[in-house]
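Keep in mind that the numbers below use all heavy atoms, side chains included, and drop hydrogens, waters and symmetry copies. None of the values given here were measured: they were computed from a predicted structure.
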Amino acid sequence: MPDVNRRRFLQIAGATTAFTALSASIQRAAALPAHHRTGSIEDVEHIVVLMQENRSFDHYFGTLRGVRGFGDPRPVTLPGGKPVWHQKDDTGTEILPFHPDADDLGLAFVQDLPHGWNDTQAALNGGRHDRWVPAKGATSMAYLTRDDIPFHYALADAFTICDAYHCSFPGSTDPNRYYLWSGYVGNDGTGGGPVLGNDEKGYSWTTYPERLERAGVSWKIYQDVGDGLDAAGGWGWIQDAYRGNYGDNSLLYFDQYRTARPGDPLYDKARTGTDARTGEGLFDRLRADVKNGTLPQVSWIVAPEAFTEHPNWPANYGAWYVSQVLDALTGVPEVWAKTVLFLTYDENDGFFDHVVPPFPPASAAQGASTADAGSDVFPGDGGNVPGPYGLGPRVPMLVVSPWSKGGYVCSETFDHTSVIRFIERRFGVHEPNISPWRRAVCGDLTSAFDFSRPDTRPVPLPDTAGYRPPDRDRHPDYVPAPPARGALPRQERGQRPTRPLKYAPFVDASADPAAGTLTLTFSSGPHAGAAFLVTSANRDDGPWTYTTAAGTTVSGTWDAADRGGAHELTVHGPDGFLRAFKGRAGDAGPEVTARHTGADVELTFTNQGTKAVSLTVADAYHKGRKYVVRVRPGTTVRRRFDLAASRRWYDLTVVAPSDTGFLRRFAGHVENGQPGVSDPAIGAE
């Protein structure tokens, strides 16, 4: 049936008839209503996690409309002054994000890139974020579009995409999966940790499935596996890319699972699966459990290698696999009505993402945190450089459920431990391995849902039958070449609805003219924690990072005496938040602060000098609109800015015509507990 007819058919036909005729269970996922007994998270009875492999957010979704992608109006600036996309190789040649020139890119076997601890720390470069190409190679800057991966984009358009979801660890697969299954990588040095690579030596700290087992919460790993332990004591999965689990069940690198025997829950629920001799597949077991009412409360699905979306395998093989998972989960509408599917990716491989990940300060010289960050920084050893354990770069996260429909974007900061915390919220099983700093910075994924108002509208999604592998072979790597002259990609025009968040951040400046210093005070508001990145355009000892747990403040001071008192600092925070401070710390004069008030933003202008000043406010969301505020010596003036026309987004720059060196900039989104729309400046020409 042609796409236009299929859409029209779903509009005019009843759900049951439409789905029978179309035989497209992927569309059932978007049409079946939610269980709505309490209108809360308690209505969720099944949580299913499918973690795929090695794709960054920008690599997949940088061109998707309404997310913080290539059209981000407030990107971090590189030390050289250009926006973060202008990465350079070792010769100084700029390589911007580029779309590879290949037919059917979604089915191409794009090369795998370096993605270990040392090379990722090199790419991030202490928060400077400027060494991606030297550390990863030119393919790092390659990206896909809707035409390449239409199924992934359709899922985002139908459900909820998280555009501030980061991998937990700046490195390879196993450590990120340890965060998913245990909350850390043995950061305290016990149980075989800390683990910085795919060493798979055998570890013994407690995992989250063990805690679920002790609490009486049912769980299971769905996987295709081989005949059990090999002679060396390792996991002997079938060496077949279409059946083996690729070693992605990282629980099997823990001694308590390796030594488990039949009858032990760690064996029966984590080590069993399909067997080459039986021919029973993962989907057979999953469908049977859904049909028989035995789907566990918590499940993890581990895909075979060819379907993991790991580079050197096609992205759209994974699309076919995800559609099969949805086919199984939606097979019984009453079960799907109570189910949440989290589709995410363990790490970014070597693919570039433009958002600098939040990270804890390594020392007092690098920043501060009101949440304990003592266990979040690796001190280094003989073979591994020092650096923060995380967060790592952004990766895709799609929240697929009856409570997350509508094409929303959720911009709260998350990581893999957020999945554990969602399970904590639902079933009450605490994971003590998650650090205080990580709990302060990352949310628990509940903001990606609206449990109070289930959406029952059917939404068509594309068929994936054409993505089923035509053979059982791994093909040679496709190595894309960047164009001779790069250009910043265009992001799709348009907005999407946003989930309400709890952020109410502010950053206030206070100058000490006598000392020639500028102090910034940070807060993320009373209800959510956040990390702030501070960069400077006139000094090279940054960047700096400041974390505030909910309801706390922290301050940092910059001495500008050796720069003639001049300062030029920019602060980036969650969901497009930005503050900029430029001026001379040795001058007593105007200062401006900003607060979110209701659905608006209020600026407070204070004149600490001895002469009256006139300040001009320019509004970036209303081109050409300016306001003049006159402030007498020793007085304060408040001005509230109505944000109804910009849908609670603001970008206000304050200058003093009498002092060309003075500038304050305030940008972000005002949260008031209600859904909104994505930043109208994203993707704008």
Open item on the list: Assess the residue pair Ser182 and Asn433 against the criterion (side-chain hydrogen bond (donor to acceptor under 3.5 Å, both in side chains)); give the C-alpha distance rounded to whole Å, side-chain angles, the decisive distance to 0.1 Å, and a yes or no.
Closed with: CA-CA 7 Å; Ser182 73; Asn433 289 335; 4.7 Å; no

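- Under 3.5 Å, the side chains of His596 and Tyr503 contain no donor-acceptor pair of N or O atoms.
- Geometric assessment of Arg595 against the ring of Phe506 yields a positive cation-pi assignment under the 6.0 Å and 45° thresholds.
- A cation-pi arrangement is absent between Arg55 and Tyr60 under the rule of less than 6.0 angstrom and at most 45 degrees off the ring axis.
- No close placement of the Trp300 and Tyr222 rings is indicated, their centers lying 6.0 Å or farther apart.
- Looking only at atom types and distance, the side chain of His354 has a donor-acceptor partner in the side chain of Asp72 under 3.5 Å away.
- The closest side-chain donor-acceptor pair between Thr294 and Asn292, if any, does not fall under 3.5 angstrom.
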Task: Residue pair Ser524, Thr548: steps toward the side-chain hydrogen bond (donor to acceptor under 3.5 Å, both in side chains) verdict - done: CA-CA 6 Å; Ser524 51; Thr548 58; 2.9 Å; yes

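- Aromatic ring centres of Tyr184 and Trp205: separated by under 6.0 Å.
- If you check the side chains of Ser375 and Asn187, you find no donor sitting under 3.5 Å from an acceptor.
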Task: Residues Gln324, Leu286; criterion side chain to side chain contact (heavy atoms under 4.5 Å, CB included); working and verdict - done: CA-CA 10 Å; Gln324 302 308 298; Leu286 183 60; over 6 Å; no

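- Residues Asp444 and Ser418 have side chains that never bring a donor and an acceptor to within less than 3.5 angstrom of each other.
- A salt bridge between Arg394 and Asp58 is present, with a side-chain N of the basic residue lying under 4.0 Å from a carboxylate O of the acidic one.
- Remark: aromatic rings of Phe422 and Phe342 are close, center separation under 6.0 Å.
- Side-chain contact, Glu210 with Gln256: a donor N or O sits under 3.5 Å from an acceptor N or O.
- Side chain to side chain, Glu347 and Asn176 fail the donor-acceptor criterion of an N or O pair below 3.5 Å.
- Under 4.0 Å is where a charged nitrogen must lie from a carboxylate oxygen, and between Arg496 and Asp157 at least one such pair does.
- Remark: Arg211 does not engage Glu424 in a salt bridge, criterion side-chain N to carboxylate O under 4.0 Å.
- Remark: the Ser404 side chain and the Thr160 side chain contain no N/O donor-acceptor pair separated by less than 3.5 Å.
- For Tyr321 and Phe283, the ring centers are positioned less than 6.0 Å apart.
- Remark: Ile221 CD1 to Asp248 CG distance equals 11.5 Å, nearest 0.5 Å.
- In this structure, Tyr208 has its ring center no closer than 6.0 Å to that of Trp181.
- Comment: Asp43 does not engage Lys338 in a salt bridge, judged by the lack of any side-chain N to carboxylate O separation of less than 4.0 angstrom.
- Between Phe532 and Phe522, the ring planes are tilted. Angles from 30° to 60° get that label.
- Taking the ring centroids of Tyr178 and Tyr203, they lie under the 6.0 Å cut-off.
- Note on ring orientation: taking the six-membered ring where Trp is involved, the planes of Trp219 and Tyr257 are perpendicular (angle over 60°, cut-offs 30° and 60°).
- Note: His416 and Tyr165 meet the aromatic proximity criterion, with ring centroids under 6.0 Å apart.
- Using a cutoff of 4.0 Å between basic side-chain nitrogens and carboxylate oxygens, Arg37 and Glu42 are not scored as salt-bridged.
- Trp437 and Thr547 are linked by a side-chain donor-acceptor pair at a separation below 3.5 angstrom, with hydrogens and angles left out of the test.
- To the nearest 0.5 Å, atoms CG (Leu398) and CG (Leu155) are separated by 6.0 Å.
- Taking a cutoff of 4.0 Å between a charged side-chain nitrogen and a carboxylate oxygen, Glu412 and Lys502 do not qualify as a salt bridge.
- For the atom pair Asp174 CG and Tyr179 OH, the distance stands at 13.5 Å (nearest 0.5 Å).
- In summary, Asp289 and Lys220 engage in a salt bridge, as defined by a charged side-chain N under 4.0 Å from a carboxylate O.
- A donor atom on one side chain and an acceptor atom on the other are found under 3.5 Å apart for Glu309 and His152.
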